[in-house]
Student: 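The structure's right below; bear with me while I get my questions together.
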Amino acid sequence: MGCSLLSHFSVVTCSAPRFVSSTRSSGLSIGGYLRRTRMIRQQAGGDFWCFCSSVAVSEPVNSESSSSPVRKRIVSGVQPTGSIHLGNYLGAIKNWIRLQDTYETFFFIVDLHAITLQYEAQQLLKATRDTAAIYLACGVDPSKASVFVQSHVRAHVELMWLLSSATPIGWLNRMIQFKEKSRKAGDENVGVALLTYPVLMAADILLYQSDLVPVGEDQKQHLELTRELAERVNYLYGGRKWKKLGGRGGALFKVPEPLIPPTGARIMSLTDGLSKMSKSAPSDQSRINLLDSKDVIANKIKRCKTDAFPGLEFDNAERPECNNLLSIYQLVSGKTKQEVAEECRDMNWGTFKIVLTDALVDHLHPIQVRYEEIISDSSYLDEVLAEGARKAADIADVTVNNVYQAMGFFKR
(Lines give C-alpha, C1' and ligand atoms only; values in the text may rest on other atoms or scores of the structure.)
Protein backbone atom coordinates (compact mmCIF):
# COMPACT_ATOMS: atom_id res chain seq x y z
CA MET A 1 0.00 0.00 0.00
CA GLY A 2 2.65 5.06 3.82
CA CYS A 3 3.19 4.14 0.42
CA SER A 4 1.23 5.01 -2.69
CA LEU A 5 -0.93 0.63 -3.06
CA LEU A 6 0.15 0.35 -4.90
CA SER A 7 2.11 5.77 -4.51
CA HIS A 8 0.82 2.75 -3.19
CA PHE A 9 1.37 0.92 -6.52
CA SER A 10 3.68 3.54 -7.97
CA VAL A 11 5.61 3.63 -11.23
CA VAL A 12 7.24 6.28 -13.43
CA THR A 13 7.43 5.61 -17.13
CA CYS A 14 7.60 7.53 -20.36
CA SER A 15 6.83 4.54 -22.57
CA ALA A 16 4.52 1.58 -22.71
CA PRO A 17 4.82 -0.75 -19.71
CA ARG A 18 5.50 -4.47 -19.82
CA PHE A 19 4.56 -7.25 -17.49
CA VAL A 20 6.66 -10.11 -16.21
CA SER A 21 5.05 -13.48 -16.83
CA SER A 22 5.34 -16.38 -14.46
CA THR A 23 5.42 -20.00 -15.53
CA ARG A 24 1.84 -21.27 -15.50
CA SER A 25 0.70 -24.75 -14.64
CA SER A 26 -2.66 -26.41 -14.22
CA GLY A 27 -2.15 -26.87 -10.50
CA LEU A 28 0.34 -26.88 -7.68
CA SER A 29 1.13 -30.03 -5.71
CA ILE A 30 2.10 -29.97 -2.06
CA GLY A 31 5.63 -30.89 -3.06
CA GLY A 32 5.73 -28.06 -5.56
CA TYR A 33 4.32 -25.61 -3.05
CA LEU A 34 6.86 -26.55 -0.39
CA ARG A 35 9.74 -26.42 -2.87
CA ARG A 36 8.49 -22.98 -3.97
CA THR A 37 8.42 -21.72 -0.36
CA ARG A 38 11.91 -23.07 0.39
CA MET A 39 13.26 -21.55 -2.81
CA ILE A 40 11.92 -18.12 -1.92
CA ARG A 41 13.31 -18.20 1.60
CA GLN A 42 16.72 -19.35 0.37
CA GLN A 43 16.86 -16.63 -2.26
CA ALA A 44 15.62 -14.05 0.21
CA GLY A 45 18.16 -14.65 2.91
CA GLY A 46 15.20 -13.98 5.21
CA ASP A 47 14.47 -10.46 3.91
CA PHE A 48 13.71 -10.46 0.19
CA TRP A 49 11.68 -12.85 -1.91
CA CYS A 50 12.26 -13.11 -5.64
CA PHE A 51 9.14 -13.84 -7.69
CA CYS A 52 10.76 -13.91 -11.11
CA SER A 53 10.67 -17.72 -11.32
CA SER A 54 7.41 -18.30 -9.49
CA VAL A 55 4.94 -21.03 -10.42
CA ALA A 56 1.28 -20.04 -10.28
CA VAL A 57 -1.88 -22.10 -10.16
CA SER A 58 -4.44 -22.04 -12.93
CA GLU A 59 -6.48 -18.87 -13.27
CA PRO A 60 -10.16 -18.83 -12.29
CA VAL A 61 -12.66 -19.05 -15.11
CA ASN A 62 -13.75 -15.59 -16.24
CA SER A 63 -17.49 -15.15 -15.87
CA GLU A 64 -17.75 -12.78 -18.82
CA SER A 65 -18.89 -13.95 -22.20
CA SER A 66 -16.15 -15.61 -24.18
CA SER A 67 -17.53 -14.07 -27.39
CA SER A 68 -16.25 -10.61 -26.46
CA PRO A 69 -12.60 -9.72 -25.88
CA VAL A 70 -11.70 -9.48 -22.20
CA ARG A 71 -9.25 -6.78 -21.21
CA LYS A 72 -6.67 -7.48 -18.54
CA ARG A 73 -7.53 -5.98 -15.17
CA ILE A 74 -5.34 -3.54 -13.21
CA VAL A 75 -5.77 -2.15 -9.68
CA SER A 76 -3.88 0.73 -8.12
CA GLY A 77 -4.33 3.35 -5.45
CA VAL A 78 -2.84 6.23 -3.47
CA GLN A 79 -3.11 6.99 0.23
CA PRO A 80 -5.03 10.13 1.24
CA THR A 81 -2.26 11.31 3.55
CA GLY A 82 -0.71 14.72 3.04
CA SER A 83 -0.88 16.47 -0.31
CA ILE A 84 -0.65 14.69 -3.64
CA HIS A 85 2.71 15.76 -5.01
CA LEU A 86 4.57 15.67 -8.30
CA GLY A 87 6.08 12.28 -7.50
CA ASN A 88 2.63 10.72 -6.99
CA TYR A 89 1.39 12.31 -10.19
CA LEU A 90 4.31 11.50 -12.48
CA GLY A 91 4.98 8.19 -10.76
CA ALA A 92 1.45 6.77 -10.65
CA ILE A 93 -1.54 8.89 -11.60
CA LYS A 94 -0.23 10.12 -14.96
CA ASN A 95 0.51 6.54 -15.87
CA TRP A 96 -3.08 5.57 -15.02
CA ILE A 97 -4.35 7.86 -17.77
CA ARG A 98 -2.60 5.69 -20.35
CA LEU A 99 -3.60 2.43 -18.70
CA GLN A 100 -7.33 3.21 -18.58
CA ASP A 101 -7.52 3.17 -22.38
CA THR A 102 -6.02 -0.32 -22.66
CA TYR A 103 -7.00 -2.18 -19.49
CA GLU A 104 -9.99 -2.65 -17.21
CA THR A 105 -8.90 -0.36 -14.39
CA PHE A 106 -9.80 0.11 -10.73
CA PHE A 107 -8.26 3.18 -9.09
CA PHE A 108 -9.08 3.81 -5.46
CA ILE A 109 -8.22 5.97 -2.48
CA VAL A 110 -6.71 3.58 0.08
CA ASP A 111 -8.04 5.29 3.20
CA LEU A 112 -7.82 2.13 5.34
CA HIS A 113 -4.05 2.14 4.83
CA ALA A 114 -3.87 5.75 5.99
CA ILE A 115 -4.61 4.84 9.62
CA THR A 116 -1.65 2.50 10.20
CA LEU A 117 0.15 5.38 11.94
CA GLN A 118 -1.22 8.24 14.04
CA TYR A 119 -3.47 10.57 12.05
CA GLU A 120 -6.06 13.35 12.38
CA ALA A 121 -9.61 12.17 11.65
CA GLN A 122 -10.73 15.51 10.23
CA GLN A 123 -7.69 15.63 7.98
CA LEU A 124 -8.36 12.10 6.68
CA LEU A 125 -11.92 13.06 5.75
CA LYS A 126 -10.78 16.12 3.77
CA ALA A 127 -7.79 14.38 2.20
CA THR A 128 -9.96 11.53 0.93
CA ARG A 129 -12.22 13.89 -1.01
CA ASP A 130 -9.28 15.96 -2.20
CA THR A 131 -7.46 12.89 -3.48
CA ALA A 132 -10.52 11.68 -5.38
CA ALA A 133 -10.94 15.12 -6.95
CA ILE A 134 -7.28 15.18 -7.96
CA TYR A 135 -7.60 11.75 -9.61
CA LEU A 136 -10.37 13.13 -11.82
CA ALA A 137 -8.65 16.48 -12.40
CA CYS A 138 -5.52 14.68 -13.62
CA GLY A 139 -7.52 12.85 -16.26
CA VAL A 140 -8.82 9.63 -14.72
CA ASP A 141 -12.08 9.11 -16.61
CA PRO A 142 -14.91 7.49 -14.59
CA SER A 143 -16.47 6.27 -17.85
CA LYS A 144 -13.33 4.16 -18.44
CA ALA A 145 -12.10 3.43 -14.90
CA SER A 146 -13.81 2.60 -11.63
CA VAL A 147 -12.86 5.26 -9.07
CA PHE A 148 -13.84 4.65 -5.46
CA VAL A 149 -12.87 4.85 -1.80
CA GLN A 150 -11.41 1.63 -0.37
CA SER A 151 -13.52 1.66 2.83
CA HIS A 152 -16.72 1.95 0.76
CA VAL A 153 -16.24 -1.66 -0.38
CA ARG A 154 -16.42 -3.69 2.81
CA ALA A 155 -15.11 -6.83 1.17
CA HIS A 156 -11.59 -5.37 1.53
CA VAL A 157 -11.67 -5.75 5.30
CA GLU A 158 -13.50 -9.08 5.20
CA LEU A 159 -11.00 -10.67 2.85
CA MET A 160 -8.10 -9.23 4.83
CA TRP A 161 -9.31 -11.09 7.94
CA LEU A 162 -9.72 -14.34 6.03
CA LEU A 163 -6.27 -14.00 4.49
CA SER A 164 -4.77 -13.18 7.89
CA SER A 165 -5.65 -16.66 9.12
CA ALA A 166 -3.49 -18.13 6.35
CA THR A 167 -0.57 -15.68 6.62
CA PRO A 168 2.45 -16.93 8.61
CA ILE A 169 3.60 -14.26 11.08
CA GLY A 170 7.17 -14.81 9.90
CA TRP A 171 6.23 -13.48 6.47
CA LEU A 172 5.07 -10.20 7.99
CA ASN A 173 8.05 -9.90 10.32
CA ARG A 174 10.32 -9.80 7.28
CA MET A 175 8.59 -6.79 5.71
CA ILE A 176 11.23 -4.08 5.36
CA GLN A 177 8.84 -1.11 5.62
CA PHE A 178 7.45 -2.40 8.93
CA LYS A 179 10.96 -2.66 10.35
CA GLU A 180 11.87 0.85 9.25
CA LYS A 181 8.67 2.59 10.37
CA SER A 182 8.38 0.78 13.70
CA ARG A 183 11.98 1.64 14.48
CA LYS A 184 11.32 5.32 13.80
CA ALA A 185 8.01 5.52 15.68
CA GLY A 186 8.89 3.28 18.64
CA ASP A 187 7.02 0.20 19.82
CA GLU A 188 4.59 2.13 22.05
CA ASN A 189 3.45 4.23 19.09
CA VAL A 190 3.04 1.40 16.60
CA GLY A 191 -0.29 -0.40 16.19
CA VAL A 192 -0.87 -3.92 14.92
CA ALA A 193 -2.17 -2.45 11.65
CA LEU A 194 1.34 -1.42 10.65
CA LEU A 195 2.41 -5.06 10.82
CA THR A 196 -0.65 -6.49 9.08
CA TYR A 197 -1.32 -3.89 6.39
CA PRO A 198 0.51 -5.96 3.72
CA VAL A 199 -2.31 -8.50 4.18
CA LEU A 200 -4.84 -5.73 3.52
CA MET A 201 -2.82 -4.78 0.46
CA ALA A 202 -3.01 -8.38 -0.71
CA ALA A 203 -6.78 -8.30 -0.21
CA ASP A 204 -6.99 -5.07 -2.23
CA ILE A 205 -5.37 -6.81 -5.17
CA LEU A 206 -6.79 -10.32 -4.95
CA LEU A 207 -10.40 -9.17 -4.47
CA TYR A 208 -10.58 -8.05 -8.08
CA GLN A 209 -8.84 -11.07 -9.64
CA SER A 210 -6.25 -8.59 -10.87
CA ASP A 211 -4.04 -9.56 -13.77
CA LEU A 212 -1.48 -6.79 -13.33
CA VAL A 213 -0.32 -4.42 -10.60
CA PRO A 214 1.89 -1.37 -11.29
CA VAL A 215 4.79 -1.49 -8.85
CA GLY A 216 7.82 0.58 -7.98
CA GLU A 217 11.03 -0.72 -6.48
CA ASP A 218 9.84 0.02 -2.93
CA GLN A 219 6.61 -1.97 -3.36
CA LYS A 220 8.01 -5.14 -4.93
CA GLN A 221 8.26 -7.00 -1.64
CA HIS A 222 4.59 -6.44 -0.84
CA LEU A 223 3.48 -7.71 -4.25
CA GLU A 224 5.66 -10.77 -3.74
CA LEU A 225 3.83 -11.46 -0.48
CA THR A 226 0.50 -11.05 -2.31
CA ARG A 227 1.50 -13.56 -4.95
CA GLU A 228 2.78 -16.05 -2.37
CA LEU A 229 -0.36 -15.66 -0.25
CA ALA A 230 -2.59 -16.22 -3.30
CA GLU A 231 -0.77 -19.45 -4.06
CA ARG A 232 -0.95 -20.55 -0.43
CA VAL A 233 -4.72 -19.99 -0.15
CA ASN A 234 -5.31 -21.59 -3.53
CA TYR A 235 -3.47 -24.69 -2.31
CA LEU A 236 -5.03 -24.80 1.17
CA TYR A 237 -8.65 -24.20 0.16
CA GLY A 238 -9.02 -24.29 -3.63
CA GLY A 239 -9.27 -27.06 -6.16
CA ARG A 240 -11.07 -30.27 -5.18
CA LYS A 241 -11.40 -29.14 -1.55
CA TRP A 242 -13.53 -26.19 -2.63
CA LYS A 243 -15.51 -28.33 -5.07
CA LYS A 244 -16.42 -30.80 -2.31
CA LEU A 245 -18.01 -27.88 -0.45
CA GLY A 246 -20.21 -27.07 -3.44
CA GLY A 247 -17.92 -24.58 -5.13
CA ARG A 248 -16.62 -24.30 -8.66
CA GLY A 249 -13.24 -25.78 -7.85
CA GLY A 250 -9.95 -24.59 -9.28
CA ALA A 251 -8.11 -21.51 -8.04
CA LEU A 252 -9.77 -18.99 -5.74
CA PHE A 253 -7.42 -16.21 -6.83
CA LYS A 254 -5.51 -15.17 -9.89
CA VAL A 255 -1.83 -14.73 -9.10
CA PRO A 256 -1.14 -11.13 -10.22
CA GLU A 257 1.85 -10.14 -12.31
CA PRO A 258 3.94 -6.99 -11.73
CA LEU A 259 3.58 -4.24 -14.33
CA ILE A 260 7.08 -2.85 -14.70
CA PRO A 261 8.24 0.14 -16.77
CA PRO A 262 11.06 -0.63 -19.22
CA THR A 263 12.61 2.77 -18.58
CA GLY A 264 12.24 5.70 -16.22
CA ALA A 265 13.18 6.77 -12.73
CA ARG A 266 11.53 7.80 -9.50
CA ILE A 267 10.96 11.48 -8.84
CA MET A 268 13.34 12.53 -6.11
CA SER A 269 13.25 15.18 -3.40
CA LEU A 270 14.04 18.81 -4.23
CA THR A 271 16.35 18.94 -1.22
CA ASP A 272 18.12 15.60 -1.71
CA GLY A 273 18.51 13.98 -5.10
CA LEU A 274 19.12 10.60 -3.50
CA SER A 275 15.81 10.48 -1.56
CA LYS A 276 12.40 9.84 -3.06
CA MET A 277 9.94 12.74 -3.13
CA SER A 278 7.61 11.92 -0.25
CA LYS A 279 4.53 13.19 1.57
CA SER A 280 6.09 12.21 4.87
CA ALA A 281 9.23 14.32 4.47
CA PRO A 282 9.15 16.99 7.21
CA SER A 283 9.92 19.89 4.88
CA ASP A 284 7.34 20.96 2.31
CA GLN A 285 10.25 22.48 0.41
CA SER A 286 11.24 18.94 -0.63
CA ARG A 287 8.24 18.47 -2.94
CA ILE A 288 6.01 20.17 -5.47
CA ASN A 289 2.39 19.64 -4.47
CA LEU A 290 -0.08 19.50 -7.35
CA LEU A 291 -2.09 22.35 -5.85
CA ASP A 292 0.87 24.63 -5.12
CA SER A 293 0.40 28.16 -6.47
CA LYS A 294 2.64 29.68 -9.12
CA ASP A 295 4.55 31.69 -6.52
CA VAL A 296 5.07 28.68 -4.25
CA ILE A 297 6.36 26.58 -7.15
CA ALA A 298 8.74 29.36 -8.21
CA ASN A 299 10.06 29.71 -4.67
CA LYS A 300 10.61 25.95 -4.24
CA ILE A 301 12.46 25.62 -7.55
CA LYS A 302 14.52 28.72 -6.81
CA ARG A 303 15.63 27.21 -3.48
CA CYS A 304 16.01 23.58 -4.57
CA LYS A 305 19.37 21.87 -4.18
CA THR A 306 21.71 21.96 -7.17
CA ASP A 307 25.48 21.57 -7.68
CA ALA A 308 28.56 23.49 -8.80
CA PHE A 309 29.30 21.56 -12.02
CA PRO A 310 29.19 23.51 -15.33
CA GLY A 311 26.30 22.80 -17.69
CA LEU A 312 23.46 20.33 -17.17
CA GLU A 313 23.41 16.61 -17.94
CA PHE A 314 21.48 13.39 -17.38
CA ASP A 315 22.80 10.20 -15.76
CA ASN A 316 25.87 11.51 -13.97
CA ALA A 317 26.02 9.60 -10.67
CA GLU A 318 27.82 12.54 -9.08
CA ARG A 319 24.92 14.87 -9.98
CA PRO A 320 21.68 13.26 -8.67
CA GLU A 321 19.89 16.61 -8.28
CA CYS A 322 20.72 17.57 -11.86
CA ASN A 323 19.38 14.29 -13.21
CA ASN A 324 16.21 14.63 -11.13
CA LEU A 325 15.41 18.18 -12.21
CA LEU A 326 16.08 17.42 -15.88
CA SER A 327 13.83 14.34 -15.60
CA ILE A 328 11.03 16.43 -14.12
CA TYR A 329 11.39 18.96 -16.94
CA GLN A 330 11.33 16.17 -19.52
CA LEU A 331 8.12 14.66 -18.09
CA VAL A 332 6.14 17.89 -17.68
CA SER A 333 7.28 19.40 -20.99
CA GLY A 334 6.56 16.27 -23.01
CA LYS A 335 9.95 16.48 -24.69
CA THR A 336 12.26 13.54 -25.29
CA LYS A 337 15.32 12.95 -23.15
CA GLN A 338 17.55 13.83 -26.10
CA GLU A 339 15.68 17.07 -26.77
CA VAL A 340 16.03 18.12 -23.12
CA ALA A 341 19.71 17.17 -23.04
CA GLU A 342 20.45 19.28 -26.13
CA GLU A 343 18.33 22.23 -24.94
CA CYS A 344 19.82 22.39 -21.46
CA ARG A 345 23.41 21.25 -22.04
CA ASP A 346 24.92 24.73 -21.84
CA MET A 347 22.41 26.34 -19.46
CA ASN A 348 23.34 27.63 -16.04
CA TRP A 349 21.16 26.86 -13.04
CA GLY A 350 19.60 30.33 -12.93
CA THR A 351 18.33 30.08 -16.50
CA PHE A 352 17.18 26.47 -16.17
CA LYS A 353 15.22 27.09 -12.98
CA ILE A 354 13.14 29.73 -14.77
CA VAL A 355 12.49 27.32 -17.66
CA LEU A 356 11.56 24.49 -15.26
CA THR A 357 9.26 26.74 -13.21
CA ASP A 358 7.38 27.89 -16.32
CA ALA A 359 6.99 24.28 -17.52
CA LEU A 360 5.66 23.15 -14.14
CA VAL A 361 3.20 26.02 -13.85
CA ASP A 362 1.92 25.50 -17.42
CA HIS A 363 1.48 21.77 -16.85
CA LEU A 364 -0.21 21.97 -13.46
CA HIS A 365 -2.50 24.96 -14.10
CA PRO A 366 -5.20 23.03 -16.05
CA ILE A 367 -5.20 20.35 -13.34
CA GLN A 368 -5.68 22.97 -10.64
CA VAL A 369 -8.54 24.63 -12.52
CA ARG A 370 -10.30 21.30 -13.07
CA TYR A 371 -9.74 20.35 -9.41
CA GLU A 372 -11.51 23.50 -8.21
CA GLU A 373 -14.46 22.74 -10.48
CA ILE A 374 -14.77 19.16 -9.18
CA ILE A 375 -14.28 19.88 -5.49
CA SER A 376 -16.93 22.63 -5.63
CA ASP A 377 -19.48 20.18 -7.09
CA SER A 378 -19.86 17.71 -4.22
CA SER A 379 -22.83 15.91 -5.79
CA TYR A 380 -20.80 15.04 -8.89
CA LEU A 381 -17.87 13.73 -6.87
CA ASP A 382 -20.17 11.72 -4.59
CA GLU A 383 -21.91 10.20 -7.62
CA VAL A 384 -18.61 9.17 -9.24
CA LEU A 385 -17.35 7.53 -6.05
CA ALA A 386 -20.65 5.76 -5.37
CA GLU A 387 -20.84 4.34 -8.89
CA GLY A 388 -17.20 3.24 -8.72
CA ALA A 389 -17.84 1.49 -5.41
CA ARG A 390 -20.89 -0.30 -6.84
CA LYS A 391 -18.87 -1.63 -9.78
CA ALA A 392 -16.03 -2.67 -7.50
CA ALA A 393 -18.37 -4.37 -5.00
CA ASP A 394 -20.00 -6.44 -7.75
CA ILE A 395 -16.64 -8.13 -8.38
CA ALA A 396 -15.29 -8.06 -4.83
CA ASP A 397 -18.38 -9.68 -3.30
CA VAL A 398 -18.15 -12.65 -5.64
CA THR A 399 -14.52 -13.21 -4.64
CA VAL A 400 -15.05 -12.93 -0.90
CA ASN A 401 -18.16 -15.15 -0.98
CA ASN A 402 -16.18 -17.82 -2.82
CA VAL A 403 -13.48 -17.65 -0.15
CA TYR A 404 -16.05 -17.91 2.64
CA GLN A 405 -17.46 -21.02 0.96
CA ALA A 406 -14.07 -22.60 0.34
CA MET A 407 -13.01 -22.01 3.96
CA GLY A 408 -16.12 -23.76 5.25
CA PHE A 409 -18.28 -20.89 6.49
CA PHE A 410 -22.03 -21.44 6.83
CA LYS A 411 -23.84 -19.55 4.08
CA ARG A 412 -26.20 -16.86 5.32
Side-chain angles (χ1 to χ4, degrees), residues 4-5 7-10 74-111 114 120-153 267 277 279 284 287-301 328 331-334 356-392:
S4 96
L5 193 80
S7 95
H8 224 68
F9 297 99
S10 143
I74 285 178
V75 298
S76 192
V78 172
Q79 279 196 37
T81 52
S83 299
I84 299 295
H85 56 68
L86 197 65
N88 300 134
Y89 169 62
L90 296 176
I93 301 173
K94 195 169 187 286
N95 191 47
W96 294 353
I97 312 309
R98 291 186 286 270
L99 296 176
Q100 68 183 354
D101 292 324
T102 309
Y103 300 95
E104 182 185 10
T105 47
F106 291 80
F107 301 134
F108 49 107
I109 298 93
V110 290
D111 55 341
E120 293 291 335
Q122 195 66 36
Q123 185 179 5
L124 175 62
L125 178 62
K126 181 180 185 303
T128 299
R129 293 188 64 82
D130 287 350
T131 302
I134 287 176
Y135 280 9
L136 302 179
C138 288
V140 174
D141 185 346
S143 69
K144 299 177 181 179
S146 296
V147 182
F148 61 98
V149 178
Q150 180 190 29
S151 63
H152 292 181
V153 181
I267 301 301
M277 187 175 286
K279 300 176 185 179
D284 193 57
R287 54 189 169 265
I288 299 292
N289 302 306
L290 290 198
L291 301 182
D292 280 346
S293 68
K294 177 180 179 179
D295 290 341
V296 170
I297 293 172
N299 185 55
K300 287 181 177 180
I301 296 300
I328 291 173
L331 291 169
V332 299
S333 67
L356 176 57
T357 297
D358 290 342
L360 281 167
V361 170
D362 289 345
H363 190 90
L364 295 181
H365 179 69
I367 294 174
Q368 294 172 350
V369 170
R370 179 61 178 148
Y371 165 81
E372 292 298 336
E373 293 173 351
I374 293 169
I375 205 69
S376 63
D377 188 352
S378 59
S379 61
Y380 168 73
L381 185 57
D382 291 344
E383 182 181 339
V384 168
L385 294 177
E387 178 60 23
R390 280 193 292 270
K391 291 179 181 178

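If you read the sequence from its start, that first residue is 1, and numbering goes on from there.
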Student: How about K391: does its NZ atom have over 12 heavy atoms from other parts shown lying under 6.0 Å from it?
Tutor: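 Counting other residues, nucleotides and ligands, NZ of K391 exceeds 12 neighbours.
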
Student: Begin from the C-alpha positions of K279 and V78 and carry the test side-chain contact (heavy atoms from CB on, under 4.5 Å) through to its verdict.
Tutor: CA-CA 11 Å; K279 300 176 185 179; V78 172; 3.6 Å; yes

Student: Would you compute the distance between atom CD1 of I109 and atom CD of Q79 and round it to the nearest 0.5 angstrom?
Tutor: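 Here the interatomic distance stands at 12.0 Å.
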
Student: Are the side chain of E387 and the backbone of S146 linked by a donor-acceptor contact shorter than 3.5 Å?
Tutor: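 Here the side-chain-to-backbone pair does not exist.
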
Student: Under a 4.0 Å N-O cut-off, is there an ion pair linking R129 with D382?
Tutor: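 Salt bridge flag = yes for D382 with R129.
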
Student: Heavy atoms, side chains only, cut-off 4.5 Å: are P80 and L124 in contact?
Tutor: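 When only atoms from C-beta onward are counted, L124 and P80 do touch, with a gap below 4.5 Å.
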
Student: Less than 4.5 Å apart, any side-chain heavy atom of K144 and any of D101?
Tutor: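 Yes; the side chains approach each other to less than 4.5 Å.
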
Student: Do side-chain atoms of H363 reach the backbone of V332 as a donor and acceptor pair under 3.5 angstrom?
Tutor: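 Answer holds: yes.
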
Student: For a side-chain contact (heavy atoms from CB on, under 4.5 Å) check, start with the C-alpha distance between L291 and I134, then their side-chain angles and the critical distance, and finish with the verdict.
Tutor: CA-CA 9 Å; L291 301 182; I134 287 176; 4.3 Å; yes

Student: If you round to the nearest 0.5 Å, how far is CG of L86 from CG of N88?
Tutor: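 N88 CG to L86 CG: 9.0 Å, rounded to 0.5 Å.
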
Student: If we ignore angles and hydrogens, is there a donor and acceptor under 3.5 Å between the side chains of S143 and D141?
Tutor: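 Yes, a side-chain donor-acceptor pair sits under 3.5 Å.
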
Student: Atom CD1 of I267 and atom CG of L90: how far apart are they, to the nearest 0.5 Å?
Tutor: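 Going from the CD1 atom of I267 to the CG atom of L90 covers 5.0 Å.
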
Student: Crowded around E373 CD? As in, over 12 foreign heavy atoms under 6.0 Å?
Tutor: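 Enclosed.
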
Student: On a heavy-atom basis, which atom in Y380 and which in P142 lie closest, and how many Å separate them?
Tutor: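 Looking at all heavy atoms of both residues, the closest pair is OH-CG, 3.9 Å.
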
Student: Quick one: which of V140, L381, T105 gives a side-chain contact (heavy atoms from CB on, under 4.5 Å) with V147?
Tutor: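 In the set V140, L381, T105, the residue that makes a side-chain contact (heavy atoms from CB on, under 4.5 Å) with V147 is V140.
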
Student: In Å and rounded to the nearest 0.5 Å, what is the CG to SG distance from L290 to C138?
Tutor: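 Going from CG on L290 over to SG on C138, the span is 5.0 Å.
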
Student: Parallel under 30°, tilted from 30 to 60°, perpendicular over 60°: which one fits the rings of F107 and W96?
Tutor: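 Ring orientation of F107 relative to W96: parallel.
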
Student: For the residue pair F108 and F148, does the interplanar ring angle fall in the parallel (under 30°), tilted (30 to 60°) or perpendicular (over 60°) class?
Tutor: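 Taking F148 first and then F108, their aromatic rings lie parallel (interplane angle under 30°).
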
Student: Could you measure the distance from the NZ atom of K300 to the OG1 atom of T357? Nearest 0.5 Å is fine.
Tutor: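 Nearest 0.5 Å value for the NZ-OG1 distance: 12.0 Å.
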
Student: To the nearest 0.5 Å, tell me how far N289 CG sits from M277 CE.
Tutor: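 That separation rounds to 8.5 Å.
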
Student: Within the 4.5 Å heavy-atom criterion, are I301 and I288 side-chain neighbours or not?
Tutor: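 The answer is yes, as the side chains (C-beta and beyond) meet within the 4.5 Å cut-off.
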
Student: For the residue pair D130 and I84, establish whether any side-chain heavy-atom pair is separated by less than 4.5 Å.
Tutor: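 Result no, sub-4.5 Å side-chain heavy-atom pair not found.
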
